[in-house]
Amino acid sequence: MSSGGRRRPQVMETTSTKNLAGLYDLPPLDWGAVAAGLDGLTQAPGTGGPDRHSHWLTTINEDGSPHVTGIGAIWFDDAYWVVSGRSVRKARNLERDPRCTIAVATTDHDTVVDGRAELVTDPAVVAKVSATLNEGGWPCEPDPSGTALTAPYSAPSAGPAPWHVYRVTPTKANAVLVRDPGGATSWTFG
């Protein structure tokens, strides 16, 4: 997304804020500023990450061990959106146990969002995600059912098309400000 075409991000209401840098007399970070830095990130160089960045998704394997994989997530409407084939491990894990974590390093913040994933099948929402991903440079479109996406390509780890959309609704987030004056804060969302 170009900065001129960006939607104004919504700001989720927090139920608690904990300053993790009070020891250093630093103020708590502002969730609105952190969320604004997540909005519209892509994996292309120069789009907000430290010249290039990946989101990292952690899911829970069937045996309880963690599974971490790089993904192309996108943040908008107060949620992360993840696209994957339903047959690959990350999607199987999300459908069996929706608890997950997404981490990303941007120019200003290192951010970790804990949340719950939900498979999205509403054609209007899938179309909105498709349009947003197109703005970010991935030429995807809803498949004939309207409940999944198709495109000329995707990441090999996404499995074969069609690719399904998962909304990750945040339950908690932590961020570290990586420039002066620094800071670290944890938020809980209700």
Side-chain angles (χ1 to χ4, degrees), residues 9 12 14-18 20-21 29 31 33-44 47-121 125-126 129 132-133 136 138 140 148-149 154-160 162-178 183-190:
M12 296 178 62
T14 59
T15 57
S16 71
T17 299
K18 181 178 181 182
L20 303 175
L29 303 178
W31 172 248
V34 173
L38 299 175
D39 187 49
L41 286 179
T42 70
Q43 289 188 331
T47 59
D51 196 36
R52 186 191 175 286
H53 66 275
S54 291
H55 288 83
W56 295 92
L57 172 70
T58 303
T59 60
I60 302 167
N61 286 319
E62 196 167 357
D63 67 2
S65 65
H67 175 253
V68 181
T69 189
I71 59 169
I74 189 163
W75 174 271
F76 70 92
D77 288 349
D78 286 339
Y80 263 118
W81 302 83
V82 175
V83 177
S84 178
R86 291 181 77 182
S87 66
V88 299
R89 185 183 339 181
K90 63 184 163 242
R92 292 191 321 266
N93 284 350
L94 291 173
E95 290 188 27
R96 189 189 65 263
D97 186 336
R99 296 174 299 163
C100 61
T101 299
I102 297 177
V104 65
T106 68
T107 302
D108 292 335
H109 300 97
D110 290 343
T111 305
V112 177
V113 174
D114 295 342
R116 297 186 69 79
E118 173 186 10
L119 178 66
V120 176
T121 57
V125 177
V126 171
V129 171
T132 303
L133 290 167
W138 185 39
C140 62
L149 299 174
S154 186
S157 64
W163 299 292
H164 295 268
V165 175
Y166 296 84
R167 177 189 170 110
V168 177
T169 302
T171 56
K172 184 177 179 182
N174 294 289
V176 175
L177 180 62
V178 295
T185 304
S186 176
W187 300 271
T188 303
F189 306 104

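Keep in mind that this is a model prediction, so the values were computed, not measured.
Remark: A173 engages W31, V113, W187, F189 in a side-chain contact (heavy atoms from CB on, under 4.5 Å) (not counting sequence neighbours). Here T101 pairs with D114 under the side-chain hydrogen bond (donor to acceptor under 3.5 Å, both in side chains) rule; sequence neighbours left out. A search for side-chain contact (heavy atoms from CB on, under 4.5 Å) contacts involving V120 returns W81, V125, V126, V165, R167, not counting sequence neighbours. With sequence neighbours left out, S65 forms a side-chain hydrogen bond (donor to acceptor under 3.5 Å, both in side chains) with N61, D63. Here T14 pairs with nothing under the side-chain hydrogen bond (donor to acceptor under 3.5 Å, both in side chains) rule; sequence neighbours left out. The side-chain contact (heavy atoms from CB on, under 4.5 Å) test applied to E95 returns R86, L119, Y166, not counting sequence neighbours.
Looking at S186 and K172, their side chains come closer than 4.5 Å, going by heavy atoms from C-beta outward.
Between L20 and T185, the shortest heavy-atom distance links the atoms CD1-C, 4.0 Å. Contact between G37 and T106 at its shortest, heavy atoms only, is O-CG2, 4.1 Å. The minimum heavy-atom distance linking A91 with S84 is given by the pair CB-OG, 3.8 Å. The two residues S87 and P160 come nearest to each other via the heavy atoms OG-CD, 4.4 Å. Here the shortest heavy-atom pairing between A175 and L29 reads O-CD1, 3.5 Å. Summarising the geometry of A148 relative to P162, their closest heavy-atom pair is CB-CB, 3.7 Å, with the distance given to 0.1 Å.
Atom NE2 of H109 is separated from atom CG of L38 by 9.0 Å, given to the nearest 0.5 angstrom. One distance of note links CD of E62 with NE2 of H67; it measures 13.5 Å at 0.5 Å rounding. Residue I102 holds its CD1 atom at 6.5 Å from OH of Y80, rounded to the nearest 0.5 Å. Interatomic distance, D97 CG to I60 CD1, rounded to the nearest 0.5 Å: 4.0 Å. Rounded to the nearest 0.5 Å, atoms CZ (R116) and OG1 (T169) are 9.5 Å apart. Taken to the nearest 0.5 Å, the CH2 atom of W138 stands 5.5 Å off from the CG atom of L149.
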- Message: If you apply the rule side chain to side chain contact (heavy atoms under 4.5 Å, CB included), what do you find for V129 with F76, and how did you get there?
- Response: CA-CA 9 Å; V129 171; F76 70 92; 3.9 Å; yes
- Test log, rule side chain to side chain contact (heavy atoms under 4.5 Å, CB included), inputs V168 and C100: CA-CA 8 Å; V168 177; C100 61; 3.7 Å; yes
- Check the pair T69 / R89 against side chain to side chain contact (heavy atoms under 4.5 Å, CB included), numbers first and verdict last. CA-CA 10 Å; T69 189; R89 185 183 339 181; over 6 Å; no
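With hydrogens and angles disregarded, no donor-acceptor distance shorter than 3.5 Å links the side chain of T188 to the backbone of T15.
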